[in-house]
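In what follows, every chain begins at residue 1, and chains take the letters A, B, ... in the order their sequences are listed.
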Number of protein chains: 2
Amino acid sequence: MTDSNPNASLTAPSIPGDALPPVEQHAQQYATVRNAHETELIEDYVELIGDLLAHRGEARAADIANRMAVSQATVSKMIRRLNELELVTSKPYRSLFLTEAGQKMAETSRARHDIVLHFLRALGVRDATARIDAEGMEHHVSDETLAIMQRFTEQQQNN
Amino acid sequence: MTDSNPNASLTAPSIPGDALPPVEQHAQQYATVRNAHETELIEDYVELIGDLLAHRGEARAADIANRMAVSQATVSKMIRRLNELELVTSKPYRSLFLTEAGQKMAETSRARHDIVLHFLRALGVRDATARIDAEGMEHHVSDETLAIMQRFTEQQQNN
DNA sequence: TAATATTGTTAGCCAAGGCTAAACTGTTTG
DNA sequence: CAAACAGTTTAGCCTTGGCTAACAATATTA
């Protein structure tokens, strides 16, 4: 027990701007996050497949399973979903490829990811940490913030 | 082996530092994100309950449902889980309260959230956007990055 | 105080994203 | 060329976090 003060300002630095937001806005925040979660994994898969194709020339289920630290069965199931969403094409027992929509998504995700990663490094975060944080953050950064991050990174580099 | 890649450089800007990370590191990144996702929602609930208690004196299931834009049934089910995790105490049809562990989690989440939010504002992101982004980002920012964000915000303010 | 409105709970459904075990395919090699 | 191995898929299970509908408890008000 660190504080015997039952309820006054345990948490809040009580900056006036930090009251509860109006209900609608608050609800919007959570809804946006829930929404991001739905597409997040899909984007991660597509982005990784794009990277594997670019760097290795092929994307096999086993590679994905290894890189994501997930079972092959999980990957296989996910590939079925990506197929239904028409993001990848796959013949059984063969390497995957991205459809046009898939390539577009991969590029967007990759760009997003890179901006966040470079921003974190420019901020002074160590590389290993930056990579982990970027992986988690990338799906939750708005276009507005993304643009600001990019500008910041460029300014840092012109010093 | 199967080098069926006729037209390289479709996607990649081929910046040398941006090759695929080694498998173990890459796997670590994804695992960390998956892990964060497991605790994320729990933290959001606890944080919100803490905020409601601080600003309103009570936390009712209906308020949570409204603020999260989620059905009351969902909240009810979640509260059962929070109870099992010994993060909240609840008597049926009464306001919720946080256990000691719950309060600790609420404080930590709140602090984290505030640091990210203030950082984004200091960066120049508009308030409404900053709030949405902070809500999504907060669970994916390492302590290291958090410290850097805090320092950055303070420096901005001393201008 | 009885009727009504609000709030909370329960039951039962669904999809997503994990898993293991088992079956199947394709490749390598003795 | 057959056997062994590596890779892929399928089946079936589990947990989470949503939902709706029906019911129960409390609060409000006529």
Side-chain angles (χ1 to χ4, degrees), chain A residues 23 27 29-49 52 56-85 87-97 135-136 139, chain B residues 1-4 23 27 29-49 52 56-85 87-97 135-136 139:
Chain A
V23 180
Q29 290 172 216
Y30 288 112
T32 302
V33 174
R34 270 200 306 278
N35 210 56
H37 281 162
E38 280 176 28
T39 52
E40 208 164 311
L41 236 207
I42 302 283
E43 286 176 13
D44 281 344
Y45 270 86
V46 170
E47 187 181 334
L48 176 55
I49 291 167
L52 286 169
R56 296 269 192 278
E58 63 174 6
R60 314 297 303 261
D63 300 341
I64 300 173
N66 283 333
R67 293 210 165 249
M68 292 214 165
V70 125
S71 77
Q72 290 195 352
T74 296
V75 172
S76 198
K77 198 194 268 191
M78 199 62 188
I79 289 171
R80 208 186 312 146
R81 279 199 68 207
L82 297 177
N83 246 302
E84 286 161 11
L85 295 171
L87 292 166
V88 311
T89 59
S90 67
K91 279 173 254 176
Y93 300 97
R94 285 282 120 78
S95 169
L96 299 167
F97 292 98
E135 188 63 57
H139 307 283
Chain B
M1 320 308 191
T2 55
D3 189 11
S4 54
V23 180
Q29 291 173 215
Y30 289 112
T32 302
V33 174
R34 271 200 306 277
N35 208 57
H37 281 161
E38 280 176 29
T39 52
E40 209 166 308
L41 235 208
I42 301 285
E43 285 176 14
D44 281 345
Y45 270 86
V46 169
E47 187 181 335
L48 178 54
I49 291 168
L52 287 169
R56 294 270 192 280
E58 61 174 7
R60 314 298 302 260
D63 301 340
I64 299 173
N66 284 334
R67 295 213 162 247
M68 291 213 166
V70 126
S71 77
Q72 291 194 355
T74 297
V75 172
S76 198
K77 199 194 267 194
M78 199 64 188
I79 289 171
R80 207 185 313 145
R81 277 200 70 208
L82 297 178
N83 245 303
E84 286 161 9
L85 296 171
L87 291 166
V88 311
T89 59
S90 68
K91 278 172 254 174
Y93 299 97
R94 286 283 120 77
S95 169
L96 299 166
F97 291 97
E135 189 63 57
H139 306 284

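Remark: P of D/dT16 and CG of B/D44 are 17 Å apart, rounded to the nearest angstrom. The NE2-C1' distance, from A/H37 to D/dT16, rounds to 13 Å in whole Å. Rounding to whole angstrom units, OH of residue B/Y45 and C1' of D/dG17 are separated by 8 Å. Here the C1' atom of nucleotide D/dT16 and the CD1 atom of B/I42 are 10 Å apart, to the nearest Å. One atom, CD of B/E38, and another, P of C/dG17, lie 14 Å apart when rounded to the nearest Å. The CD atom of B/E40 sits 15 Å away from the C1' atom of C/dG17 (whole-angstrom rounding). As rounded to whole Å, 14 Å separates atom P of C/dT7 from atom CG of B/L52. Going from atom CG of A/L96 over to atom P of D/dG7 covers 15 Å, rounded to whole Å.
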Restricting both atoms to N or O, compile the protein contacts to nucleotides 8-11 of chain C shorter than 3.5 Å, with distance only.
from, atom 1, to, atom 2, distance (Å)
C/dG8, OP1, B/R60, NE, 3.2
C/dG8, OP1, B/R60, NH2, 3.4
C/dG8, OP2, B/A62, N, 2.6
C/dG8, N7, B/Q72, OE1, 3.0
C/dT9, OP2, B/S76, OG, 3.1

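When all heavy atoms of B/A61 and B/I79 are compared, the closest pair comes out as CB-CD1, 4.1 Å. Minimum heavy-atom separation, B/V88 to B/N83: O-OD1, 3.2 Å.
Although no hydrogens or angles enter the test, the distance criterion places a donor-acceptor pair under 3.5 Å between the side chain of A/R34 and the main chain of B/M68.
Under 4.0 angstrom from either OP1 or OP2 of D/dT15 there lies no side-chain N or O belonging to B/R81.
Just one of A/V70, A/D44, A/I49 meets the side-chain contact (heavy atoms from CB on, under 4.5 Å) condition when paired with A/I64; it is A/I49.
Counting only heavy atoms from C-beta outward, the side chains of B/N35 and B/T39 never approach each other to under 4.5 Å. The shortest distance between side-chain heavy atoms of A/Q29 and A/V33 does not fall below 4.5 Å.
Using a 4.0 Å heavy-atom criterion, one finds that B/V75 contacts no nucleic acid atom at all.
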